[in-house]
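As the structure is a computational prediction, the values presented were derived from the model and not from experiment. Index from 1, following the sequence.
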Amino acid sequence: MEQIVLSYGDCLLRSSDVALLDAPHWLNDNVIGFIFEYLASNLPQSLSERIAFLSPEVSQFIKCCERDAPEFLGPLDLPSKELILLPVNDNAGSEAGGTHWSLLAYVRQFQSYLHYDSASGTNAPHARLMARSLSPLLRDNPCYREENAPTQHNSYDCGMYVVCVAEALCEQLLHGQDSLILQKITPQYVTQKRSVWKETIKGLSRLSNKQCL
C-alpha cells in the first residue's frame, strides 16, 4: 500500500501526491485541496470569517450540479464572505481529471467574479459555468470578468499559479494592496513555491509523527 505522508484536516496526502510538487508535474486535486485547507486554517483571525476556500471537489460539484449546488452549499454561509476562492478544472465530468487549472474568485466588494487563468482564456467556459451555478446562492447577481493573470511559461505549472494567486488575493484583502501584488508571481517565484510547499508538508508530517509517539 502506498505510503501516507500526511493527514491534515479533511486532506490525505500520499507519497505520489507529494511527488507532484517536483517539476515537471501537474498538481492534482489532493495537493491543491491540501494547500487551500492549509491556507484557510492559517488565516489571521481578522480574515478567517471573511474568506472561503472551496476544495477542487466542491468546486467541480458546483460546476457540474447547478441545480443542487445552492442546497448543498448552504451550510458554508457563502453570502457572508468577502472573498470566495474556487479552483477551476477543464474536466467536464464530476470526478477528478482534466488538463488545466485556473482560479475563480468572487469578490463581494466589486460584486464580481474574477477569473485568473495562467493560460489566458483556456478555462473561461468552465469558469463562467461555475459562476452561473454559484450565483443563485449569492443573491447579488455578480458580473463576470477575465483578469490579467500571471502567465505560465510551461505546460505543467497551472495548479501552482492557482495556489499562488489565491494566496496573493488573501494578502491583498488583509493589507489593502492593489493588483500589483500579483506581479511577484513570476516563473521563478512559482518554482520556489513548489519547494516551499514540499517542505511545509514534510514539516507537518514530522510534527504529526512526533505527536503519535
Say you draw a straight line from [atom1] of [X] to [atom2] of [Y]; how long is it, rounded to the nearest 0.5 Å?
X      : Y      : atom1 : atom2 : answer
Asn89  : Thr99  : CG    : OG1   : 7.5 Å
Cys164 : Leu182 : SG    : CG    : 10.5 Å
Tyr189 : Gln183 : OH    : CD    : 13.5 Å
Ile62  : Leu86  : CD1   : CG    : 5.0 Å
Asp17  : His25  : CG    : NE2   : 12.0 Å

(Q) Which residue in the set Glu147, His100, Gln152 passes side chain to side chain contact (heavy atoms under 4.5 Å, CB included) when paired with Asp117? (A)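 The residue from Glu147, His100, Gln152 that satisfies side chain to side chain contact (heavy atoms under 4.5 Å, CB included) with Asp117 turns out to be His100.
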Q. For Phe53, which residues count as a ring-ring contact (aromatic ring centres under 6.0 Å, His included) partner, sequence neighbours excluded?
A. Phe36
Q: Test Ser55 against Glu37 for side chain to side chain donor-acceptor pair (under 3.5 Å), laying out the working first.
A: CA-CA 8 Å; Ser55 70; Glu37 183 151 354; over 6 Å; no
Which heavy-atom pair separates [X] from [Y] by the least distance, and what is that distance?
X      : Y      : value
Val88  : His126 : CG1-CB, 3.8 Å
Pro150 : Val165 : CD-CG2, 4.1 Å
His115 : Leu103 : CD2-O, 3.3 Å

Answer yes or no: does atom [atom1] of [X] have more than 12 heavy-atom neighbours from other residues, nucleotides or ligands under 6.0 Å?
X      : atom1 : value
Gln192 : CD    : no
Asp10  : CG    : no
Asn148 : CG    : no
Asn141 : CG    : no

Q: Give the ring-plane orientation class for Trp26 versus Trp101, where under 30° counts as parallel, over 60° as perpendicular and anything between as tilted.
A: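 Ring orientation, 0 to 90° scale: parallel.
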Q) Are Leu83 and Phe110 connected in the hydrophobic side-chain network, where two residues link if heavy atoms are under 4.5 Å apart? A) yes
Q: Indicate yes or no: at least one non-hydrogen side-chain atom of Leu43 is less than 4.5 angstrom from one of Cys170.
A: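 Contact flag for Leu43/Cys170 side chains = yes.
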